[in-house]
Amino acid sequence: MLDIKLIREQPDIVKKNLKKRGDFKKLQMLDALTIHDVEWRRLLTLANERRHERRVITKQIANLKKAEKAAEKQIEKGRKLDVEISALEKQVKKHKQTANDILMRLPNLLHASVPIGRNENDNIAIRLWGKPPILDFSPRDHLEIAKNLNLIDEERGAKVAGHGFFYIKGYLVMLDLALQRFAIDFMIEKGYQLVEPPFMLRRKSYEGVTDLSDFENVMYKVEGEDLYMIATAEHPLAAMFMNEVLLKEALPIKLVGVSACFRKEVGSHGKYTKGLFRMHQFNKIEQFIFCHPDNSWDFHEELQQNAEELYQRLGLHHKVVVLCSGDTGTVQAKTYDINIWMADGTYREVGSNSNCTDYQARRLNIRFREKEGQAPKGFLHTINNTALATSRTMLAILEQYQQKDGSVLVPHALIKYMNGLKKLEPH
RNA sequence: GCCGGGAUGGCAGAGUGGAUAAUGCGCAGGCCUUGAGAGCCUGUGGCCUUUUGGCCGCAUGGGUUCAAAUCCCAUUCCCGGCGCCA
C-alpha cells in the first residue's frame with residue numbers, strides 16, 4: 001500500500017510510476033481516489049463538528065441530572081443530533097472505504113533502475129552462469145526421465161486430486177528432501193533463522209502481503225473457514241510481525257522458511273505446464289528479510305547472491321534477469337528472476353527476488369522504533385527471495401544431468417544428502 | 001469441543017455508568033551543572049485541520065443508555081481446568 005499522504009502531496013510521482021508500469025486503468029482509479037479522499041475529509045470535519053455539539057449536550061444533561069432538574073429538552077436535541085451524526089458517519093465510511101479499496105490496488109513505486117517495458121519479453125538478462133550441458137543424444141524432458149525411472153506417477157495423481165497433482169516416488173522424494181536440507185544448511189550458515197510457518201492464513205493476514213487478485217487466481221480457500229492455503233512461505237513470514245513495532249537494533253531479521261506451497265494456477269493456459277514445472281502443490285525454501293528502510297537495496301542484492309550461489313553449487317546452468325516495469329508485480333519495487341536452462345533450450349523461471357520496500361509493511365502495519373520507549377518512526381522494508389523451489393530445481397537436475405542410458409547423475413553437492421547415492425538409475 | 005478468568009498507551013498498572021484514562025517506569029526536550037548523574041519543569045496513541053481547534057482511541061464488531069473502558073451479545077487471542085487427539 002502506498003502512503004495516502006504521498007498521493008495527496010505529490011500525485012505526480014504516483015502518476016509517473018503508473019505510466020512507467022503501463023497501467024493506464026489505474027491512472028483513472030487514482031483520480032477517483034483523490035475525489036473520494038477529499039470528500040471523506042470534508043464530511044469527516046462535518047461529522048466531527050456534530051459530534052462535538054453532541055458531547056456538549058451530553059455534559060449539559062449530566063449537570064442537569066446532578067442538580068435534579070428536567071433535561072427533556074436537551075435529551076430531545078441530542079436524539080436529533082444522533083440521527084444527523086449516524087447519517088454523516090455512513091457517508092464518511094463509504095468514501096473512506098472506496099478510497100481505501102483503490103489505495104489497496106495501486107501498485108508499489110518502482111525503483112529507478114527498473115527498465116521500462118511492456119511484458120516478460122522486455123525483461124533484461126544481466127548474467128549468464130555456466131553453459132548448457134553437451135549431450136550427444138536427443139535430450140528427454142524431465143517428465144519422461146522421471147517416468148522411466150519410476151519416480152513419478154502423474155496419472156494416479158490426477159485420478160485422486162486432478163491435473164497438477166502428482167505422486168512423487170522413491171529417490172525423487174529423497175532428492176526433494178536433499179535439496180531442502182542442502183538449502184537450509186546453506187542459509188543457516190549465512191545466519192538466517194529457520195522457520196516453518198503456518199501453511200494457512202486468515203484473510204486479514206493475507207490481504208497484507210499480496211495482490212488482491214491472487215485471492216481469485218492463486219490461493220485455495222478452505223471451505224467454511226476463514227483460512228487460505230499459503231502460495232509461498234513468503235506470505236506467512238511477511239505476516240509474522242503484523243501489527244508490531246520492532247526495535248531498530250533488532251533489525252535486520254533474516255529468515256529462511258520451509259513450507260509446502262499451494263497454487264490454483266488459474267489462467268495458466270498457454271504457459272508451460274508440463275510435469276513438475278507448474279504444480280498445485282510443491283515444496284520451497286524461502287529467504288526473507290525485514291530491515292530498516294535505509295539498507296533494503298543492499299539486502300536485496302544479498303538475497304540475490306545467496307540464490308545464485310545455490311544454483312552454482314548445484315552446477316545448474318542459469319541466467320539472471322531483471323524484470324521490466326510492465327512485468328513487475330503490484331507489491332514489488334524491483335524483481336530479479338533466475339531462469340534455468342531446460343532440455344528444450346528454453347530458460348524458465350525457478351526463483352524470484354523482490355524488494356517490496358514499505359508496501360507490505362504498511363499494509364501489515366509493521367513499524368520500527370529507534371529506541372526502547374520512543375514512538376514508532378516508520379514502516380520497515382521487506383524483501384523475499386526463493387532459495388530453492390524443489391520441484392523446479394529437481395526438474396532442472398533431471399534435464400541437465402541426464403545421461404544417454406536414461407540415468408541421472410546426482411549433483412555433487414547433494415550426494416551427502418542422498419546417503420552417498422551418485423546416480424539415479426532404473427531398478 | 002466444554003467450563004472459568006482475562007485483554008487498558010512503548011511497558012507496568014489504576015479506573016465497575018457521567019469532567020482531562022490516575023500513577024509509576026521508559027523515552028524526548030528544557031532548567032540546573034565544567035560534564036554526567038540526581039533533582040525540577042514540559043511533552044510523549046491515531047486521524048482531520050495552514051493555525052486555533054476538533055474528533056476518534058481501553059482486543060475486534062455489534063447492542064443497551066441522554067451518556068459505556070465500565071452493562072449485554074458475537075468474534076479473535078492469552079492463561080487455567082476438563083475432554084478429545086497425532
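So that the names make sense, note that chain A is the first sequence line, chain B the second, and so on, each numbered from 1.
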Touch class at under 4.0 angstrom, heavy-atom based, for A/Arg42 against every strand present: nothing
Sugar-phosphate only, base, or nothing, as touched by A/Lys248 at under 4.0 Å among non-hydrogen atoms: nothing
Sugar-phosphate only, base, or nothing, as touched by A/Lys59 at under 4.0 Å among non-hydrogen atoms: sugar-phosphate
N or O in side chain of A/His52 less than 4.0 angstrom from B/C55 OP1/OP2: yes
Donor-acceptor pair between A/Tyr228 and A/His235 side chains, under 3.5 angstrom: no
Salt bridge present between A/Asp153 and A/Arg156 (N-O < 4.0 angstrom): yes
Expected output: side-chain A/Arg367 to main-chain A/Gly378 donor-acceptor under 3.5 Å: no
Short side-chain N/O contact to B/C48 OP1/OP2 from A/Arg8, under 4.0 Å: yes
Phosphate contact (B/C55 OP1 or OP2) by A/Arg55 side-chain N/O below 4.0 Å: yes
Under 3.5 Å side-chain donor-acceptor pair for A/Lys264 and A/Asn217: no
Dot-bracket encoding of pairs in RNA chain B, which uses [ ] for pseudoknotted crossings and | for another strand, Watson-Crick or G-U under 3.5 angstrom: ((((((((.[[[..)..(....]]]((((((.......))))))((((....))))..[[[[[..)....]]]]])))))))....
Shorter than 3.5 Å, N or O on both sides, protein versus nucleotides 65-69 of chain B: list them out with atom names.
residue, atom, partner, partner atom, Å
B/C66, OP1, A/Arg79, NH2, 3.1
B/C66, OP2, A/Arg79, NH2, 3.1
B/C66, O3', A/Arg54, NH2, 3.1
B/C66, O2', A/Arg54, NH1, 3.3
B/C66, O2', A/Arg54, NH2, 2.5

Short side-chain N/O contact from A/Arg202 to OP1 or OP2 of B/U76, under 4.0 Å: no
